[in-house]
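Just so we're clear, the structure is a prediction, and the values are computed from it rather than from any experiment. Here is how names work: the chains are called A, B, and so on, in the same order as the sequence lines, proteins then strands, and each is numbered from 1.
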Amino acid sequence: MTVLRPATLAAALAARSEHPGALLVAGGTDAMVAINSGRLRAEVTVDLTGVGELASWSRSGSTIRIGSGLTYTRLIAELGDLCPGLAMASRTVGSPQIRNRGTVGGNVATASPAGDALPPLVAAGAVIELASTDGVRRVPIGAFLVGPKRSLLAPNELITAIELPVARGPQQFSKVGPRNAMVIAVCSLAVDVDVASRRVAVAIGSAGPTTLRALEAEAVASAAIDWTTGALGDADLARFAALVAQAARPIDDVRGTAAYRRHALAVLARRSLGWSLEALRRAVA
Amino acid sequence: MTRLVRSITEMEGRFEEKWVLVSDDEPEAWASDRPLAIVGHETPRTTGPTRVSGAARYTTDVSLPGMLHVAALRSPLAHGRVTGLNREAALAVPGVRAVLDSTDTLSFRSRSGPLYAEPEHAGALLAVVAADTLVAARAGVKALALTIDPLPFVIDVDEAFRDQRIDGEIAEESRGDVDAALAGADVRVELTVETPTQLQTALEPHGAVGWWTEGELTCWVSTQGIFDARSELAKRFSVAPERVRVVADFIGGGFGAKQGAGVEALLAVELSRRTGRPVRFINDRHGEQLDAGSRPATRQTVRLGATGQGDLVAIDSEVLTSFGMTGWRAVNTPAMTLYRCANARGVEANLKLHLRQGNAFRAPMVLEGVTAVEQAMDELAITLGIDPLDLRRRNFVDVDQPSGLPYTSNQLLACYDRVAELSGWVGRDALLEPSEDGLLRGMGCATQIWWGGGGPPSHATIRIGGDGIATVVTGIQDIGTGTLTAAQMVAAEELGLPLDRVRVTGGDTRPNVYGPVAGGSQTSPSVLPAVRGAAAEVKRTLLQLAGDVFEAAPADLDLVNGRFRSSDGALDEPYTEVTGKLGNATVDGSGMRGANPDGMRANTFGCQVAQVAVDPGTGEVRVEHVWAVHDIGRVINPLGARSQVEGGILQGMAFALSEEVAFDPTTGVPTNAWLDDYKIPSIADVPAMTIAFVDVPDTALNNVGAKGLGEPPIIPTPAAIANAFRHATGRRALALPLTRARVVETLA
Ligand SMILES: Cc1cc2nc3c(=O)[nH]c(=O)nc-3n(C[C@H](O)[C@H](O)[C@H](O)COP(=O)(O)OP(=O)(O)OC[C@H]3O[C@@H](n4cnc5c(N)ncnc54)[C@H](O)[C@@H]3O)c2cc1C
């Protein structure tokens, strides 16, 4: 087995194009598990941790550009105000050790329906930046994630960054697991309230083949909220929650039943939007 | 003078009469009011730094030149017949040295297995491959290219009961006339509850390194009983016990599942015998979770009858246990012993299922029984409108009812009072007020009963030499409980030496100083009195020698905190003034655990209160606080005792909230035999814990006054949590654990 340790993005892209089947490793918290369990074998491994360009973030205007190699620990410490939803989700990932190693890019590339970074990115309308020696392309995350552990990543490409808008209002993330830490989500939910354009976005994790938007629920809430005060009637909130549950496409598995997932998603939806609007009301008051 | 006497011994409630060696020179029990310098004071465990720095060498760390590694092939089916194993292909894998399967004639005797052609549970061993490296061994297993035909299996309790798949006889014990008493009771409650299959999940999996050399056998085993392992190996391989050495320096937990040598040691030794190389067989995590045992699931129906004032008149308990193909029966012990009741009956059956056979797991069977009986008591208190703690006080009993014998000590009433005071029990209904966070809160309690008196045989020797260091040799193994630190404390106390002048060893059969298996909460009350006996003998000799050196009457001298002192205070000299003159000579002492008192039963008692917060939306149950008060006689090391209780509470909490083996009903195979989907608690789940002891020495039991603490703290926790859930929500979940989905269903 060969391990390549490129120090620059250019070298990483070159390595990727030279060895299209190579295994990329960022934090290794998904990759090493797959290797140890025998699910994954690779002749060539490309270690991305030496590529400084990937491990940083920047802001330009109202857009945040997160390098794919940014760890959860840094994201939590540095982006809590700009991307509160993503930071909340990051706090629920694994344990401190996992958050020290694990990266947002790795989570996106793994494309697990249970990936915790995905619902806030989907709700915020993030764009995935993909690069290869042929050039750069940008794909909306909704299109990038095509199925369970399947994405549009081409064999010669790297995820270089994830772009998302600076929060345009309150954001929430909640997750249900069988205990309080180190859990793969039984179901999860992100709410993103865009006050300027008067839109609510909601994304569901771990209750479908991939991260799902609940478009009907979004439309109902966006229309029903009184945007000058942040008020929303109980009946509308309940309707929103029911529509979120309906949008889910859960299955029965070891971690939970479909029925429980739908129930819990309705509860999370009601609470998350409720808390978001409460924050909005405090802000306008 | 030593003598042989007949005495009753007990282990996890099984009583046996045996010849035991006792000493006339055994010290009298420390008086309850005697101030002690070391015992009873918080002492960090001696091996703490070694453990946390990674320097401790566990069985899994043993590495010997030329050592072979074993990989196991396990049954992928709950029941099947092996139709093909390509041994030649496995042996052809580079590095593979040996393959064993059910067709081999092994040199040790075994009632069944340990390698099966017709496995009766998923994970059963079919074959083992020994190779130069683990990677090669695994490649060998793959090359075996197992083919196996499925056979019909039964893992469903209802199906098994319908088909009367019952292991042996249905056990029934009773006293009085239960049916009449139930019929005549003012108040009756009936409750059926289920408890889950829980896995011991020790951090260090089962494993051994076996090395057979010219009829001498050395075996490193992750075991709770080095001497049991030694006799098992000696017997099975027909070698004299003195030619077998078992070593277990550090053990990464056992929780009951690591009795004796275990199949890993037997196969490692067999392979070593065949290959002439040391052989290491350590379970991988999946193998461990599939095939190292479990606390079997139960379904229990408890009927209670009482007078309107709350006096129990009838207890009736029926138990079905999903043990595997065979097991033992003790779930009804709490029903028969916990409360005063003239009419009691326990009926208990083990179902024959295609599951890994259950084995001992911290308070085996009694935890399960308490979980049902104590929930029924809670229902009775609610029906009667009596405070649940008062109901328990009212039905307190101070004799062991099945035998009619009194207890050596019983401070249960004091436990109730103290736990009520610490937890603010009387004000618990204030928790029912709606709270801002929308969570439903409540408090519940449960009583604990367990044996834990220990007994003979258990031995210790102490040797002190010219360097002034006293070395205590025991035959026990510290499975993580801190027993060796307790032994060090007792020796230092009795000798009158500072703690750091005393060293303790264990975990090796070679000195041939016998210690019991670490099970049944018997280690401390068995070995500590022996250590004290040995220390008393050494001290007698040292005082004699001090008399020679200082020209004083030995009876007028004492050794206190490392100094010889005369009663008038005129003489005050460091003890090294005496030991320094020993040169290469040593002063030796030996001690043994005396017989248990005749006509008495030794039990531990306690009560725990739990406070939970229930999220009615998601079904999350958070245990916010557990208050635990136990009667374990004299507390030797309060620090060690408290951490023992913390561990028990966490393991009991997990049984109540998240641990449960899930099975695929279509294949009978566990679906969560890993650590990612089998949920033991994480640090974020740890509740606040307030732990106290009714620290009254049991002077009738042994010379240090201590009872055991291994199992007690896990016993009441699940029922206390289930009762707190009932208090918080007004509902009772009919099965544990209280998973999110089950809670939502229960509250619907
Ligand atoms: C104990 C434990 C707990 C965990 N808990 C959680 C949890 O709570 N929530 C959660 O969502 N996840 C969890 N995970 C999974 C994992 O930590 C996350 O998915 C993490 O974000 C992966 O990031 P990484 O940098 O470690 O990825 P890696 O393991 O390095 O890579 C993951 C995958 O992404 C590919 N990849 C990495 N970087 C790039 C790139 N720049 N371009 C293209 N492909 C790339 C790799 O080839 C690989 O296929 C847990 C894992 C463990 C071991």
Legend entry - Test item: A:H263 side-chain N/O and B:A741 main-chain N/O as donor-acceptor pair under 3.5 Å: no
Inset, instruction - Can you establish whether the number of heavy atoms outside A:D234 located under 6.0 Å from its atom CG is more than 12? - result: no
Legend entry - Where at least one partner belongs to residues 657-676 of chain B, residue pairs that pass salt bridge (charged side-chain N to carboxylate O under 4.0 Å, His left out), sequence neighbours excluded: B:E660-B:R742
Inset, instruction - Go through the atoms of A:V183 and report whether side chain, backbone, both or neither lie under 4.5 Å from a heavy atom of chain B. - result: both
Legend entry - A:R249 atom CZ, neighbour heavy-atom count above 12 within 6.0 Å: no
Legend entry - Contacting moiety of B:E745, where chain A heavy atoms sit under 4.5 Å: neither
Inset, instruction - Sort A:R255 into side chain, backbone, both or neither according to what part of it lies under 4.5 angstrom from a heavy atom of chain B. - result: side chain
Inset, instruction - Heavy atoms only, distances under 4.5 angstrom: which of A:G177, A:S95, A:A259, A:S174 has the most pairs with chain B? Name it, please. - result: A:G177
Inset, instruction - Write down the atom of A:M182, the atom of B:K679, and the distance for their closest heavy-atom approach. - result: O-NZ, 3.3 Å
Legend entry - B:T671 portion near chain A, given a 4.5 angstrom heavy-atom threshold: both
Inset, instruction - Identify the two heavy atoms, one from B:A684 and one from A:A181, that lie closest to each other, and give their separation to 0.1 Å. - result: CB-CB, 3.7 Å
Inset, instruction - Evaluate the criterion side chain to side chain contact (heavy atoms under 4.5 Å, CB included) for residue pair A:V176 and B:R740; output intermediate values, then yes/no. - result: CA-CA 9 Å; A:V176 174; B:R740 314 288 194 249; 4.2 Å; yes
Inset, instruction - Return yes when atom CZ of B:R732 has more than 12 non-hydrogen atoms of other residues, nucleotides or ligands closer than 6.0 Å, and no otherwise. - result: yes
Inset, instruction - Please check if atom CG in A:L215 has more than 12 non-hydrogen atoms from other residues, nucleotides or ligands closer than 6.0 Å. - result: yes
Inset, instruction - Could you check which of B:I683, B:T618, B:N672 has the highest count of heavy-atom pairs closer than 4.5 Å to chain A? - result: B:T618
Legend entry - Residues of residues 23-43 of chain A near chain B, each having a heavy atom less than 4.5 Å away: none
Inset, instruction - Using heavy atoms and a sub-4.5 Å threshold, report which of residues 268-281 of chain A line up against chain B, by residue number. - result: A:L268, A:R271
Legend entry - B:L657 versus chain A, the contacting section by heavy-atom distance below 4.5 Å: neither
Legend entry - Side chain / backbone / both / neither for B:R622 at chain A, heavy atoms under 4.5 Å: side chain
Legend entry - Contacting region of B:D685 [heavy-atom separation from chain A under 4.5 Å]: both
Throw together a table of side-chain donor-acceptor distances under 3.5 angstrom for residues 111-119 of chain A, partners on residues two or more places apart or in other chains.
unit_1, atom_1, unit_2, atom_2, d
A:S112, OG, A:A114, N, 2.9
A:D116, OD2, A:K175, NZ, 2.6

Inset, instruction - Would you name the heavy atoms of A:N180 and B:S682 that are closest together and state the gap between them? - result: C-OG, 4.5 Å
